[in-house]
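Report on the structure given below.
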Amino acid sequence: MFKKIVPLGLLAIAIAGPAWARTASADDAAALLNKANQMNYEEQETAKMAHSKAGDNQALITYADTIRGDHEANEEAVAALSRQKGIKLEGTNPDKVEKAPMKDLSGGAFNDAYLDEQIKRHKDALSMFESAKGNYKSDPDMELYIEQTLPVLQAHLKMAQNLRHRVSPMSAEDPSNNKSTTKGMGKSADQTSAR
């Protein structure tokens, strides 16, 4: 009689186990989608800021436009996936953008702060998505979302790092302007008159 009880007990645990895993997986999915939703909001808002504050740095403006477009698309994917899964998105917290120190910067100082922030944020986002990869084998929709998001985040990080290498940090003496004074002529008027 005892031998028959043990297999039934194991069967009950085996049946309860997958139900518990589905609940945990749904909670994990909700957490990931809410973090992605906040990330998308922050990236779009700082990209708008960069577009208006980057001065004549066309490469940075193009980067910001790319970031904004890609995160708008990811925001749509998050919204659709959350509706499909019955997950309520918590909304976004504007404080991180509103209280960001780079909000009060402009020109070269802003560009430096924005690129540094982009590199940090995309490393953090990649870490979050890489950690989640493989955790949703029983949820092909979440698995697909993660697989499609990772290469975009990797591309954003690489673009930010490349820009960071091409744009030397502004000196502390003149962080306010990155506008060219050469009008495409190579040397500034101050350098030409010094001869």
Side-chain angles (χ1 to χ4, degrees), residues 28-82 87 89-133 135 142 145-181:
D28 291 344
L32 181 68
L33 292 177
N34 274 292
K35 286 178 184 175
N37 191 46
Q38 179 67 30
M39 171 190 71
N40 288 323
Y41 169 78
E42 290 172 16
E43 289 301 326
Q44 290 175 67
E45 292 303 308
T46 57
K48 289 178 199 172
M49 207 184 303
H51 191 85
S52 67
K53 292 183 170 226
D56 66 349
N57 190 328
Q58 191 58 48
L60 194 63
I61 291 169
T62 301
Y63 171 79
D65 290 346
T66 300
I67 292 296
R68 185 175 176 189
D70 288 350
H71 283 280
E72 284 173 354
N74 193 276
E75 180 179 50
E76 291 171 13
V78 167
L81 192 53
S82 65
I87 294 171
L89 294 176
E90 296 168 358
T92 54
N93 180 357
D95 284 350
K96 283 183 87 175
V97 175
E98 291 299 318
K99 295 178 180 177
M102 74 175 142
K103 186 176 182 188
D104 298 325
L105 301 175
S106 62
F110 173 83
N111 297 352
D112 289 340
Y114 178 66
L115 285 173
D116 290 344
E117 186 70 17
Q118 284 295 294
I119 291 168
K120 180 189 178 312
R121 282 185 184 178
H122 282 91
K123 283 181 178 179
D124 291 347
L126 274 169
S127 176
M128 178 177 77
F129 275 86
E130 285 170 352
S131 293
K133 189 176 178 180
N135 291 346
M142 284 296 293
Y145 169 68
I146 292 166
E147 287 174 9
Q148 290 177 337
T149 301
L150 276 168
V152 176
L153 293 173
Q154 290 164 341
H156 289 177
L157 176 60
K158 185 142 182 82
M159 286 188 289
Q161 289 171 328
N162 286 341
L163 279 171
R164 174 79 275 162
H165 291 301
R166 288 187 14 212
V167 177
S168 62
M170 295 294 294
S171 69
E173 291 81 25
D174 187 18
S176 63
N177 193 0
N178 72 338
K179 300 246 181 212
S180 170
T181 59

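All values below were derived from every heavy atom in this structure, side-chain atoms included, with hydrogens, water molecules and symmetry-related copies excluded. All residue numbers refer to positions in the sequence shown, counting from 1.
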Taking salt bridge (charged side-chain N to carboxylate O under 4.0 Å, His left out) as the test, write out the residues that go with [X], two or more places apart.
X    : result
E90  : none
R121 : E43, E117
D116 : R164

Is there a side-chain contact between M49 and F110 in this structure, where contact means two heavy atoms from C-beta onward sitting under 4.5 Å apart? yes
4.5 Å side-chain heavy-atom contact, F129 and K35: no
Of all residues at least two apart in sequence or in a different chain, which pass the side chain to side chain contact (heavy atoms under 4.5 Å, CB included) check with [X]?
X    : answer
Q154 : L126, E130, P151
K120 : D124
E147 : E143
Q161 : I119, K123, L157

Tell me whether N37 contacts the main-chain N or O of L33 through its side chain, where contact means a donor paired with an acceptor under 3.5 Å. no
If you compare all heavy atoms of A64 against all heavy atoms of A47, which two are closest, and at what distance to 0.1 Å? O-CB, 3.3 Å
Would you name the heavy atoms of P94 and Y41 that are closest together and state the gap between them? CB-OH, 3.2 Å
Rounded distance (nearest 0.5 Å) linking atom [atom1] of [X] with atom [atom2] of [Y]:
X    : Y    : atom1 : atom2 : result
L163 : N57  : CG    : CG    : 7.0 Å
S106 : N111 : OG    : CG    : 9.0 Å
I67  : Y114 : CD1   : OH    : 5.5 Å
H71  : T149 : NE2   : OG1   : 9.5 Å
N40  : Q38  : CG    : CD    : 9.5 Å

Who pairs with [X] by side-chain hydrogen bond (donor to acceptor under 3.5 Å, both in side chains), at least two apart in sequence or on another chain?
X    : result
Q148 : none
D70  : H156
K48  : E45
N162 : none

Test: side-chain hydrogen bond (donor to acceptor under 3.5 Å, both in side chains). Region: residues 92-102. Which pairs qualify, not counting sequence neighbours? E98-K103
For the side-chain contact (heavy atoms from CB on, under 4.5 Å) test, which of V78, N135, I146 pairs with L32? I146
Sole residue of I61, L60, T46 in side-chain contact (heavy atoms from CB on, under 4.5 Å) with H51: I61
